[in-house]
Amino acid sequence: MEKEPIFILAIESSCDDTSAAVLCNKKKLSNVVATQKIHEEYGGVVPELASRAHQQNIVPVVHQALSKANIDKKQLSAIAFTRGPGLMGSLLVGTSFAKSLAIGLNIPLIEVNHMQAHILAHFIEEESMTAPTFPFLALTISGGHTQIVLVRDYFDMEILGETLDDAVGEAFDKSAKILGLPYPGGPLVDKYAQLGNPKTFQFTKPRVDGLNFSFSGLKTGILYFIQKEVKKNPDFVAENINDICASIQYTIIQILMDKLKKAVKDTGVKRIAIGGGVSANSGIRKALKEAEHLHGWITFIPKFEYCTDNAAMIGIVGYLKYKEAHFTKQDVTAKARYVIGS
Ligand code: KG4
Ligand code: ZN
């Protein structure tokens, strides 16, 4: 006999994207994301404005996710939501909304760790995606995090290394800001980098022990370099934007790849899955594909839709937890700092 399908409504509001998704088992039925444009004029996410925008967006976004999935809320099996890590004011909106809706519908509530979701997004069932087998190494690269995680099972994860200061997405965004590019600058650096020569300018790579990362020194190095060059030629940035972006991107990718190589050597695990907004970067995608030929790695790169913040990745974790009846009590609160596995 066919088992009853499980419908999960998932809500993500950890930073500046309000998102809601509906999953039927491991398949996505809808994944609606409202990106907040308001932060562009401030050159970065303003937490108070993000929180207010989530409050405005959450009802229409959830409504749209349900109607696109063609699901009535009475059919839902459970509500999954991002408990953390993230901005407190942003997390509170999704958390409160999920709790209220779960009470109203009298269905289970399931908390999800945002970073775990970036990793488990690979398990959404879709034609163009293959799920990695365990164990694998996950490189989570976003605007808030940079981690190398050893994934032994869905909920057995160990952080092998992480950034000691800025996240890799911040390294992209802050470099872009130095070049006068609008926020978020990561995608623009990527765009210009594709037209430039990555060997034109050399930036010093940080020396950090083990599998940890550091990006703040690189940012300062770029700032001093640009200031020095602009003194000599005020049009330096405009005249060299492609080569500057290509050189910055090349350095960042080298830093990531060096650590990945070390992680593979330390663990003997050659399956690499990436997640987080920076996985959209064309350079890192290319470097990983090359590593398949050069080092015999098997790499897993999610669909673009599942790279940046989205609720479908929260939904897949919700489904996996639902199967284990791993539910969350109503007294749960948002958790701005929330380590994987804690
Ligand atoms: O995962 P995400 O959407 O949000 C966080 O959880 O932080 O990641 C956003 C980050 C931003 O820093 C953005 O500049 C960066 O991902 N990003 C990129 C690219 N697309 C997004 N960085 C480099 N190249 C890209 N193509
Ligand atoms: Zn994220």
Side-chain angles (χ1 to χ4, degrees), residues 10-19 21 31 33-37 39-40 43-45 47 50 54 81-87 90-91 94 112-122 138-147 149 162-163 166-179 181-196 198 213 215 218-219 245-253 255-256 274-288 301-314 316-317 336-338 340:
I11 292 164
E12 153 64 32
S13 72
S14 64
C15 190
D16 60 341
D17 293 310
T18 321
S19 181
N31 189 23
V33 183
T35 302
Q36 302 175 1
K37 293 274 170 223
H39 308 286
E40 274 172 22
V45 177
H54 282 305
F81 70 98
T82 306
R83 185 180 175 200
L87 300 171
S90 292
L91 291 165
V112 174
N113 179 306
H114 179 90
M115 296 311 293
Q116 210 165 41
H118 270 304
I119 296 172
L120 296 177
H122 288 271
L139 175 70
T140 45
I141 38 179
S142 73
H145 296 271
T146 307
Q147 292 181 329
V149 182
E162 59 191 332
T163 185
D166 289 350
V168 63
E170 281 180 284
F172 272 105
D173 296 339
K174 288 180 179 175
S175 304
K177 200 171 177 179
I178 294 168
L179 302 176
L181 300 173
Y183 175 86
L188 287 171
V189 172
D190 188 5
K191 189 176 128 197
Y192 292 122
Q194 290 176 51
L195 305 169
F213 298 90
F215 288 102
L218 175 67
K219 170 195 65 194
C245 287
S247 303
I248 292 172
Q249 181 160 306
Y250 178 75
T251 311
I252 293 175
I253 291 166
I255 296 169
L256 295 174
I274 59 169
V278 182
S279 323
N281 184 269
S282 64
I284 187 79
R285 287 175 172 242
K286 200 163 144 234
L288 286 168
I301 304 175
K303 244 177 90 178
F304 185 77
E305 178 186 356
Y306 305 131
C307 283
T308 48
D309 287 352
N310 69 92
M313 69 181 192
I314 306 302
I316 186 71
V317 184
R337 295 179 61 80
Y338 188 0
I340 286 179

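Each ligand, and each atom within it, is numbered from 1 in the order the structure gives. Just the heavy atoms: all of them, side chains too, but no hydrogens, waters or symmetry mates, feed the values below.
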Check Leu139, Ile340, Val168 against Gln147 for a side chain to side chain contact (heavy atoms under 4.5 Å, CB included) and give me the one that passes.
Ile340
Are any of the N/O atoms on [X], whether in the backbone or the side chain, positioned under 3.5 angstrom from an N/O atom of ligand 1?
X      : answer
Ser282 : no
Thr308 : no
Gly143 : yes
Asp173 : yes
Pro184 : no

Would you name the N/O/S atom of Asp309 that lies closest to the Zn ion (ligand 2)?
OD1
Check His114 and report its N/O/S atom nearest to the Zn ion (ligand 2), by atom name.
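Minimum-distance N/O/S atom of His114 relative to the Zn ion (ligand 2) is NE2.
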What atoms of ligand 1 come within less than 4.0 Å of a heavy atom belonging to [X]?
X      : value
Ala280 : 20 (N), 26 (N)
Gly169 : 12 (O)
His118 : 1 (O)

Do any N or O atoms from the side chain of [X] and from the backbone of [Y] form a donor-acceptor pair under 3.5 angstrom?
X      : Y      : result
Arg285 : Ser279 : yes
Asp16  : Val45  : no
Asp309 : Glu12  : no

Non-hydrogen atoms of [X] versus ligand 1: any pair closer than 4.0 Å?
X      : answer
Lys191 : no
Gln249 : no
Gly144 : yes

Where on [X] is there a heavy atom closer than 4.0 Å to ligand 1, on the side chain, on the backbone, on both, or on neither?
X      : value
Asp190 : side chain
Val278 : both
His145 : neither

Can a side-chain donor-acceptor contact be found between His145 and Glu162 if the only test is distance below 3.5 angstrom?
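Distance-only check fails for Glu162 and His145.
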of all protein heavy atoms, closest to atom 21 (C) of ligand 1 is Gly277 O, 3.4 Å
Starting from atom 3 (O) of ligand 1, which protein heavy atom do you reach first, and at what distance in Å?
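Here the closest protein heavy atom is Asp309 N, 3.2 Å.
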